[in-house]
Amino acid sequence: MSYISADPGPPALRLASTGTLTYGLSVGEVLGVSTLNGARLIAGRAGLDRVVQRLNVMEVPDVLSWVKPNELLLTTGYPLRHTPESFDNLIADLDERGLAALAIKLGRYLDAPPPEMVAQADRRGFPLILLPPDVGFDDILNQVLTDILNRQAAVLARTEEVHRALVQIVLCGGGLQEVVDEVASLLDVAVVVLDGEQRVLAGAGPDEDVAAMRAFDAGRHAACGRGGCGITGAHGTADHLVVPVMAGGFDHGRIVAFSPGGALRGTDLGILERAATVTALVVTKQQAVAAVESKYRADFLRDVLAGRAGDDDRIIAHCDGFGWDLDRPMMVVVAELDGRARGGGGGGAGAEPDGGARGGRGADERSAQERLAAAWTAAARRHDRGAAVVSFAHEVVAIVGGDGDGSAELPSAPVQTMIKEAAAVFAEHMSVRRTFSSGVSRTVGSPAALPEAYEQAVKAVRVGRQLHGPGARAHFDQLGVYRLLSLVSDPEELHAFVRETLGDLASDAEPELVDLRRTLQVLLETNLNVAETARRLHFHYNTLRYRIGKLERMLGAFTEDAHLRLNLTLALHVLRMRGI
């Protein structure tokens, strides 16, 4: 058996009808070469778009052990001349192995192909070709291989030219929009770049096609490049091509070309792959610039919140360059991931900004912090264009517009809406459910008051989570006495106070004692109104009287001692504070 393969390097790319990416010439194009002028297609017309990458000559009966996918197999029938019945299943065997077509030269060893062979080729869409008697196999091999190699060279040359043009765009300061404009012009189709969340970063081409791509089901392309669609890397059909944008081992999204008329060719994939490489370069450059800008902004806001950024006029002018409006009534909102311990003694204004993660933080924690910052940035951009949003090591800080009168009011509706929207965006793409707690300061009227407002927001986050658990949303003025309790730096002092004041009632070990503590709490809340307490607890009046006597034997005569009632109330408040 002789074997020749047109596989010396990266071959030209085609899209088969199945959407699978393959290389070479179609069977229809092979039939058009001059050496096959007298060849006839006698069966399998439906398979003319099968792709020929290699050529092989059948000289042995066990050729199935040697064939490869996308081959054009040439034969005179010599290996099967004594067993013509072997032809009956030959087409099925070749088709199952992915061959492109079978070409037979009749006359010397085979007078005509068996009817069953022709019928089987038609059923399977497997091209069956009769070669003219005067053409030599060597002529076919030489010309078809030459055409494949010439096609490869032309495609590679065009791809290289496109690559240079795209790189030049980047070197001249162009961005994603300029890249997709160039690719859309070269391919004469619509092109978009999607980020990792399937959001459109840039688009070019006919407006209706770009609009159609924006409406694509994200799941249609989300698996491409990850093996979910059966192809690792590039993927496509005649109406769309998708190439992953990868850099440094990170998946930055997809570049997609779309032609509703099915005008895309396989050779276009090489151009799109080069465009994906350049897109990755642009994206990483933008990320690097954004990281530097983010650090600079975070450093300055940290100085503002620490009270060392200068006078109000300087701060307002400097922040105006960032697009932040600090010349108005403002509130500080602090958002902090739940499930992670805070650094001792302080908020993020004294810690390193985003990008300076400590060694103990894992990749998942950094990713969650980045998503939290992105969610807050998106919410602020939607509801308050002048808001300042930065990410510190352990929290995201937002300075947003507050109530105009500067009074200590509860957060306005826009602030509440912003918190809810940030929470929704943050949870949208998290594979593992995470929550964050948020705290809101009072309204302040000048940058000089921001350090105090920041401390209020930090305190609201910490106490709010202790009171309500993960996902808490607290305003500083809603904290009440808990603000004072939170100032006690030593939790052990609070524990000792609770034990000394409540005695056995401080423990959760016995259900009876927990029930008695609940009775005490409601009594104090109703200002010792026995009838109202009995109603709330669904007790008989005499039962409650009995319980009050038992509580006084354990705690003292709290019904007569106002100071003791105050101590008991504070102790119960401390118990409500989680983590203290």
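Note that this is a predicted model, so its numbers are computed, not measured.
Residue N150 qualifies as enclosed at atom CG: its count of foreign heavy atoms under 6.0 Å is above 12. Summarising the local packing, NZ of K285 is surrounded by more than 12 heavy atoms from other residues, nucleotides or ligands at distances under 6.0 Å. In the displayed structure, R382 atom CZ is contacted under 6.0 Å by at most 12 heavy atoms of other residues, nucleotides or ligands.
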R164 and R274: CA distance, side-chain angles, deciding distance, side-chain contact (heavy atoms from CB on, under 4.5 Å) verdict: CA-CA 9 Å; R164 285 196 297 269; R274 296 301 180 96; over 6 Å; no
Residues R254, V245; criterion side-chain contact (heavy atoms from CB on, under 4.5 Å); working and verdict: CA-CA 5 Å; R254 302 287 179 271; V245 178; 5.6 Å; no
Intermediate values then yes/no, side-chain contact (heavy atoms from CB on, under 4.5 Å), V183 and L166: CA-CA 8 Å; V183 176; L166 295 176; 4.0 Å; yes
Check against side-chain contact (heavy atoms from CB on, under 4.5 Å), F426 and L337: CA-CA 11 Å; F426 175 68; L337 288 171; 3.5 Å; yes
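The side-chain heavy atoms of L25 and V51, taken from C-beta on, include no pair separated by under 4.5 Å. Proximity of V397 to W376: side-chain heavy atoms (C-beta onward) are nowhere separated by under 4.5 Å. Looking only at side-chain heavy atoms (C-beta outward), V256 and L241 stay at 4.5 Å or farther from each other. Annotation: side chain of Q143 is in contact with side chain of D147 (closest heavy-atom distance under 4.5 Å). Counting heavy atoms from C-beta outward, L99 and N70 have side chains that stay 4.5 Å or more apart. V283 has its side chain within reach of L176: a pair of non-hydrogen atoms, C-beta onward, lies under 4.5 Å apart. Considering only heavy atoms from C-beta on, L201 stays 4.5 Å or farther from V192 through its side chain. Proximity of M330 to D325: side-chain heavy atoms (C-beta onward) are nowhere separated by under 4.5 Å.
A salt bridge between E71 and R50 is absent, with no side-chain N of the basic residue lying under 4.0 Å from a carboxylate O of the acidic one. Classification of R314 and D311 as a salt-bridged pair fails, no side-chain N sitting under 4.0 Å from a carboxylate O. A salt bridge between E336 and R462 is absent, with no side-chain N of the basic residue lying under 4.0 Å from a carboxylate O of the acidic one. Here R123 does not pair with D95 in a salt bridge; the nearest charged N to carboxylate O distance is not below 4.0 Å. Under a 4.0 Å N-O distance rule, the pair R434/D338 does not qualify as a salt bridge.
Taking all atoms of both residues into account, the shortest heavy-atom contact from Q369 to E395 is NE2-O, 3.3 Å. Closest non-hydrogen pair, V461 versus G439, comes out as CG2-N, 3.0 Å. The two residues A457 and V334 come nearest to each other via the heavy atoms CB-CG2, 3.6 Å. Residues A306 and P451 come closest through the heavy atom pair C-CG, 4.4 Å. F392 approaches L305 most closely through the heavy-atom pair CE1-CD1, 4.1 Å. Residues P127 and L48 come closest through the heavy atom pair CG-N, 4.3 Å.
Checked options I315, I316, V389, V390; the residue passing with W324 is V390 (criterion: side chain to side chain contact (heavy atoms under 4.5 Å, CB included)).
If you take CZ on R297 and CD on E293, they are separated by 6.0 Å, rounding to the nearest 0.5 Å. Distance check: L94 CG to F126 CZ gives 5.0 Å after rounding to the nearest 0.5 Å. Here the CG atom belonging to D313 is positioned 10.5 Å from the OG atom belonging to S446, to the nearest 0.5 angstrom. R328 CZ to I399 CD1: the interatomic distance, rounded to the nearest 0.5 Å, is 9.5 Å. Put simply, CD1 on I148 and CZ on R54 are 10.0 Å apart, with the number rounded to the nearest 0.5 Å. Rounding to the nearest 0.5 angstrom, the gap separating the CG atom in L450 from the CG atom in L326 is 5.5 Å.
Between the side chains of D49 and S26, no donor N or O sits under 3.5 Å from an acceptor N or O.
At least one donor-acceptor pair under 3.5 Å links the side chain of D384 to the backbone N or O of G401. With hydrogens and angles ignored, the 3.5 Å screen pairs no side-chain donor or acceptor of S185 with any backbone N or O of D181.
Ring pair F322/Y296 is perpendicular by interplanar angle, where above 60° counts as perpendicular and below 30° as parallel.
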